[in-house]
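Accompanying notes for the structure given below.
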Amino acid sequence: MTDRRSLFWISHNMRVGSPVAVLMESIFIASNLVGLSRFYIRENTLKGVEL
């Protein structure tokens with residue numbers, strides 16, 4: 001859901017002509033993707049290890 005809203009805001013900011021806002025939203029999406037990838041990589045690597 002958050003990604004859809006971010007994509008909406010990126011398209012809005014492009015239409016309005018605000019390059020800094022586009023950059024901010026792009027960084028926000030990138031940080032979300034990094035966080036998700038770390039979460040899923042950690043989850044998948046821990047499945048094989050017995051605690």
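Keep in mind that what you see is a predicted model, and the values were worked out from it rather than measured.
With sequence neighbours excluded, no residue forms a side-chain contact (heavy atoms from CB on, under 4.5 Å) with Met24.
Under the 4.5 angstrom side-chain criterion for Ile, Leu, Val, Met, Phe, Trp and Tyr, Val20 has no cluster partners at all.
Leu23 and Met14 end up in different hydrophobic clusters when Ile, Leu, Val, Met, Phe, Trp and Tyr side chains are linked at under 4.5 Å.
Once rounded to the nearest 0.5 Å, the distance linking OG of Ser18 with CD1 of Ile10 reads 11.5 Å. We find the OG-CD1 distance between Ser31 and Ile27 to be 8.5 Å, quoted to the nearest 0.5 Å.
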